[in-house]
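A short worksheet on the structure shown next.
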Amino acid sequence: MNILVLGGGGREHAIAWALAKSPRCDELFVAPGNAGTDRLAKNVPGLNPEDGQTVLGFVRDHAVGLVVVGPEAPLVAGVADVLREAGVPVFGPDAQGAQLEGSKTFSKQFMERNGIPTARYRSFSELEPALAYVRELGAPVVVKADGLAAGKGVVVADELEDAEVAVRSCFEGAFGASGSTVVIEECLTGPECSLLAFVSDGKARCMATAQDHKRAFDGDRGPNTGGMGAYSPVPIVTSDELAAMHAIMERAAKATAREFEHDYRGVLYGGFMLTPAGPQIIEFNARFGDPETQVVLPRLESDLAEVMLAVAQGRPADVDLRWSEQWAVCVVLASEGYPGSYEKGKVILGVDEAEAVEGVTVFHAGTALNRDGELVTAGGRVLNVVALGDSFEEAREKAYEACDLINFEGKQHRLDIGKRAIAGREEQGA
Ligand code: AMP
Ligand code: GLY
């Protein structure tokens, strides 16, 4: 079977890497891909992943039997709808299902209707009532742009004043059309944990737990980013909490079958907060997490191509998930200045040496080859250094040993990835 993966970040490299191991996988294409996917697949840099008709044309020309959509934008744009309509097996929900990520109001209403625990909230399209609700809830309070904002549309305000500034800036267009509706919600406390599930035909098959590190700097300081590192599994989750999280994902999957016009077929990402009152959903995403995927997929022992095809064809009973007992730690190497502005084109050295460390795989996020064929930086998040180990400490040590072998001008990374795995819950706000 020929497979096409849409996207070009570290998540897509990890997906392509796992698919390439499958005996079911013949030709593998990644559009647009990056310098890492180039080594195990055919990159298609000219193909716009958000243009359904063009993607369909490529699929027909290259006899593609499965399309895997990595990022949210093509899902929200309805690329899966176009392909499914044409009879192509697609891993990723249609535009309606993707609204669980594309509109926070849609998502909150879905949770409310289906008894899924989440923060109290209201949505507003006008300034004054929004400000009044902020004052009613009091600080701390959370302000979110309704639409997609690349992880930047959320402000957790400790002071009322900051919340008011955030509401105003949303309505003034800081996030474009994404901010014309604003969601204001109560602030929850507790450690965060991601639980992703393969969803098909109303059934959820949950993956292993993972924890992201969203802030740019050590000690969870600095601006929010796309994610600076992750680890899996998350040992602080109790068995009762895990059971509650599984039940929530199953309930959500069942609701997709009941409510949506077409079957939701792809990943449902549950971003949980483990509050004193039990796990609650902070957000749903309609795709794999980045960088959670980079620690979850290396622990998957099942054939990912089989799993994804079963999901895409509505056969959840055939989704057989087996997990390695090993621990995985991922450290993101970023460009200086990320998540703000940064320079590109810095020569990267040492990736092969890093991969020679036992248990280490380097997934590329923002990389390219320059005219001289040298590996250079091409994005904010540049490389994802992933290590597997028999203990959490071993995985973490190997990941950092490998990070030290890689060099490029302005290399920036957190030194405390996974520290929370071994810290007590008190340190995580529980
Ligand atoms: P989101 O983009 O919705 O995942 O939000 C980004 C981050 O903001 C989350 O990972 C949380 O750390 C934080 N956050 C979002 N909503 C809340 C909430 N209701 N209470 C506390 N923190 C939140
Ligand atoms: N790592 C968070 C996300 O993918 O949304």
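Remember, it's 1-based here, ligands and their atoms both numbered in the order they're listed. Below, each value reflects all heavy atoms present in this structure, side chains not excepted, and no hydrogens, waters or symmetry copies. Position 1 is the first residue of the sequence, and the numbers go up from there.
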Taking only heavy atoms of [X], which atoms of ligand 1 are found under 4.0 Å from at least one of them?
X	result
Ile282	15 (C), 16 (N), 17 (C), 18 (C), 23 (C)
Glu185	16 (N), 17 (C), 18 (C), 19 (N)
Cys187	20 (N), 21 (C)
Glu186	18 (C), 19 (N), 20 (N)

Less than 3.5 Å apart, which donor and acceptor atoms pair up between the side chains of residues 402-412 and the rest of the protein, not counting sequence neighbours?
residue, atom, partner, partner atom, Å
Lys411, NZ, Cys403, O, 2.8
Lys411, NZ, Ile406, O, 2.7
Gln412, OE1, Gly337, N, 3.4
Gln412, NE2, Tyr338, O, 3.3

Tell me, please: is [X] in heavy-atom contact with ligand 2, that is, under 4.0 Å?
X	answer
Gly227	no
Ala230	no
Lys214	yes
Phe288	no

Mark up the atoms of ligand 2 that fall under 4.0 Å of a heavy atom belonging to [X], in ascending order.
X	value
Asp212	1 (N), 2 (C)
Gly226	1 (N)
Gly289	4 (O)

I need the minimum non-hydrogen distance between [X] and [Y], along with the two atoms involved.
X	Y	result
Gly289	Leu196	N-CD2, 3.6 Å
Leu28	Ala41	O-CB, 3.3 Å
Ala18	Leu304	CB-CD2, 3.6 Å

Do Gln99 and Phe260 make a side-chain contact, defined as non-hydrogen atoms from C-beta onward lying under 4.5 Å apart?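 Of all side-chain heavy-atom pairs linking Phe260 with Gln99, none is under 4.5 Å.
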To which of Lys144, Lys104, Glu283 does the heavy atom nearest atom 15 (C) of ligand 1 belong?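 The residue whose heavy atom sits nearest atom 15 (C) of ligand 1 is Lys144.
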Run down the list Asp220, Thr189, Val154 and name the one with the heavy atom closest to atom 5 (O) of ligand 1.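 Looking at heavy atoms only, the winner is Val154.
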Salt-bridge contact Glu259-Arg113 (side-chain N to carboxylate O under 4.0 Å):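 Yes, Glu259 and Arg113 are salt-bridged.
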Salt bridge or not for Lys254 and Glu250, using N-O below 4.0 Å?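 No, no charged N to carboxylate O under 4.0 Å.
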Ligand 2-proximal atoms of Arg287, by part, heavy-atom distance under 4.0 Å: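 Only the side chain of Arg287 comes within reach of ligand 2.
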Measuring from Tyr264:OH to Asp201:CG, what's the distance to the nearest 0.5 Å?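 Rounded to the nearest 0.5 Å, the OH-CG separation comes out at 14.5 Å.
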With a heavy-atom distance limit of 4.0 Å, tell me whether Glu192 approaches ligand 1 through its side chain, its backbone, both, or neither.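 Under 4.0 Å from ligand 1, Glu192 contributes side-chain atoms alone.
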Ligand 1-proximal atoms of Ala119, by part, heavy-atom distance under 4.0 Å: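 It is the side chain that touches ligand 1; the backbone stays farther off.
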For Glu292, is at least one N or O under 3.5 Å away from an N or O on ligand 2?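 For ligand 2, there is an N or O atom that lies under 3.5 Å from one belonging to Glu292.
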Heteroatom proximity flag, Asn285 to ligand 2, N/O under 3.5 Å: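 It does: an N or O of Asn285 is found under 3.5 Å from an N or O of ligand 2.
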Within 45° of the ring axis of Tyr133 and under 6.0 Å from its six-membered ring centre, is that where the NZ or CZ of Arg122 lies?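 Verdict for Tyr133: a cation-pi partner in Arg122.
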Should Gly271 be listed as contacting ligand 1, given a heavy-atom distance under 4.0 Å as the test?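 Contact absent.
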Is it true that Thr105 and Asp146 share a donor-acceptor pair across their side chains at a distance under 3.5 Å?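 A pair is found: one side chain offers a donor N or O, the other an acceptor, under 3.5 Å apart.
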Using the side chain to side chain donor-acceptor pair (under 3.5 Å) definition, which of the options Lys419, Arg215, Lys214, Arg414 pairs with Asp220?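 That would be Arg414; it is the only one of Lys419, Arg215, Lys214, Arg414 passing the side chain to side chain donor-acceptor pair (under 3.5 Å) with Asp220.
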So is Leu188 polar-close to ligand 1, meaning N/O to N/O under 3.5 Å?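 Checking ligand 1 against Leu188, an N or O pair does fall under 3.5 Å apart.
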Considering residues, nucleotides and ligands other than Glu159, do more than 12 of their heavy atoms fall under 6.0 Å from its CD?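 No.
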